Amino acid sequence: MIYTTNYNSPVGKLLIASENNKLIGLWIEGQKYYLGKIKDEIKEKNNEDILLKTKIWLDKYFKGENPKITELELNPIGSEFRKRVWKLLCEIPYGEVTTYGEIAKNIAKEMNKEKMSAQAIRRCSWT
């Protein structure tokens, strides 16, 4: 069972989803890949522990308090490649930016490949 709750943020209404009390996704309402590839039964549950923790984390984030992503138990749904990309995305320091190209270089290095397409990174970071 997938549990969800809503969060009103400065960037719009967010849907937060969990499974087995771990965060599996967060989407901006109306975004292209809303709910990603989730096909399981979904039920709103505003008092799920991880969903409450995520709301508190988001409050801190939007106040500029620099909460650590490790404060949340994550279990994103996706292929091993996507999970590698998401792991690297979580390692970007608060307030800093990087490019899809840089992430592609890091993933290629991890996979012992000469190079990797930045487009592949962009595609999996949003779906």
Side-chain angles (χ1 to χ4, degrees):
M1 171 76 62
I2 305 236
Y3 294 115
T4 64
T5 192
N6 290 298
Y7 178 85
N8 292 316
S9 81
V11 297
K13 189 174 180 180
L14 304 179
L15 180 72
I16 308 166
S18 72
E19 185 174 41
N20 299 321
N21 209 29
K22 293 184 180 179
L23 186 64
I24 61 167
L26 185 146
W27 299 269
I28 299 172
E29 187 176 64
Q31 80 177 59
K32 185 175 181 179
Y33 297 106
Y34 193 71
L35 281 174
K37 298 182 182 202
I38 293 176
K39 302 210 183 332
D40 295 348
E41 184 178 350
I42 298 171
K43 180 179 178 182
E44 186 172 355
K45 186 175 181 185
N46 295 314
N47 63 347
E48 179 82 353
D49 187 50
I50 188 62
L51 300 177
L52 293 171
K53 285 180 181 179
T54 302
K55 285 182 174 185
I56 292 167
W57 189 96
L58 288 166
D59 287 341
K60 291 177 186 178
Y61 176 84
F62 287 116
K63 288 179 186 174
E65 294 179 11
N66 189 13
K68 304 293 181 221
I69 195 65
T70 54
E71 294 174 25
L72 300 173
E73 288 190 65
L74 307 178
N75 191 23
I77 298 170
S79 68
E80 287 307 311
F81 176 73
R82 287 175 187 249
K83 288 178 182 182
R84 281 182 176 192
V85 172
W86 296 332
K87 180 182 177 294
L88 285 175
L89 290 173
C90 288
E91 293 172 4
I92 299 169
Y94 182 81
E96 292 186 25
V97 296
T98 191
T99 65
Y100 294 126
E102 283 300 312
I103 294 170
K105 285 178 191 175
N106 288 332
I107 297 271
K109 186 177 179 180
E110 280 183 15
M111 297 175 74
N112 294 317
K113 292 187 173 195
E114 192 173 313
K115 61 182 180 174
M116 177 165 293
S117 164
Q119 185 69 12
I121 305 301
R122 187 194 70 76
R123 229 178 290 123
C124 79
S125 64
W126 292 103
T127 59

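All values derive from a computational prediction rather than experimental measurement. Any value given below was found using the heavy atoms of this structure, including those in side chains, with hydrogens, waters and symmetry copies removed.
- For K87, the NZ atom is loosely surrounded, since the number of other residues' heavy atoms within 6.0 Å does not exceed 12.
- Hydrophobic clustering (side-chain heavy atoms under 4.5 Å, transitive across Ile, Leu, Val, Met, Phe, Trp, Tyr) groups Y100 together with L89.
- Cluster annotation: M111 is connected to V85 through the hydrophobic network of ILVMFWY side chains, with a link wherever side-chain heavy atoms come within less than 4.5 Å.
- At a threshold of 4.5 Å between non-hydrogen side-chain atoms, the residues E110 and L88 count as touching.
- Sorted by first and then second residue, the salt bridge (Lys or Arg N to Asp or Glu O under 4.0 Å) pairs involving residues 98-109 (not counting sequence neighbours) are E102-K105.
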Stepwise side-chain contact (heavy atoms from CB on, under 4.5 Å) check, I103 with T99: CA-CA 6 Å; I103 294 170; T99 65; over 6 Å; no
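- Residues Y61 and L74 are members of one and the same hydrophobic cluster, defined by side-chain heavy-atom contacts under 4.5 angstrom among Ile, Leu, Val, Met, Phe, Trp and Tyr.
- Remark: the backbone N or O of N21 is not paired with any side-chain donor or acceptor of S18 at under 3.5 angstrom.
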Could you list the donor-acceptor pairs under 3.5 angstrom formed between side-chain atoms of residues 1-13 and any protein atom two or more places apart in sequence or on another chain?
residue : atom : partner : partner atom : Å
T5      : OG1  : N46     : OD1          : 2.5
T5      : OG1  : K55     : NZ           : 3.1
Y7      : OH   : D59     : N            : 3.3
Y7      : OH   : D59     : OD1          : 2.7
S9      : OG   : V11     : N            : 3.1
S9      : OG   : G12     : N            : 3.2
S9      : OG   : G12     : O            : 2.6

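- Of all heavy-atom pairs spanning A17 and W27, the tightest one is CB-CZ3, 3.6 Å.
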Let me see the working for I50 and N20 under side-chain contact (heavy atoms from CB on, under 4.5 Å), right down to the final yes or no. CA-CA 9 Å; I50 188 62; N20 299 321; over 6 Å; no
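- Rounding to the nearest 0.5 angstrom, the gap separating the NZ atom in K22 from the CG atom in D49 is 13.0 Å.
- Remark: L14 CG to I16 CD1 distance equals 6.5 Å, nearest 0.5 Å.
- Residues passing the side-chain hydrogen bond (donor to acceptor under 3.5 Å, both in side chains) test with E73: none are found, sequence neighbours excluded.
- Side-chain contact between K68 and W57: absent, with no pair of heavy atoms (C-beta onward) separated by less than 4.5 Å.
- We find the CG-NZ distance between N66 and K63 to be 14.5 Å, quoted to the nearest 0.5 Å.
- Considering all non-hydrogen atoms of both residues, P76 and K83 come closest at O-CE, 3.3 Å.
- Within the 4.5 Å cutoff, the side chain of L15 has no heavy atoms near those of the I28 side chain.
- No side-chain heavy atom of W86 sits less than 4.5 Å from a side-chain heavy atom of E91.
- With respect to the salt-bridge test (charged N to carboxylate O, under 4.0 angstrom), the residues E80 and R84 do not qualify.
- Y94 and E65 make their closest contact through OH-N, 4.1 Å (heavy atoms, listed as atom of the first residue, atom of the second, distance).
- Separation of atoms CD1 (I107) and OG (S117) is listed at 12.0 Å; rounding is to 0.5 Å.
- Put simply, the residue from L26, L58, L23, I56 that forms a side-chain contact (heavy atoms from CB on, under 4.5 Å) with L72 is L23.
- Of the inter-residue distances, the one linking K43 atom NZ with E41 atom CD reads 8.0 Å to the nearest 0.5 angstrom.
- From L51, atom CG reaches atom NZ of K45 across 9.0 Å, with rounding to the nearest 0.5 Å.
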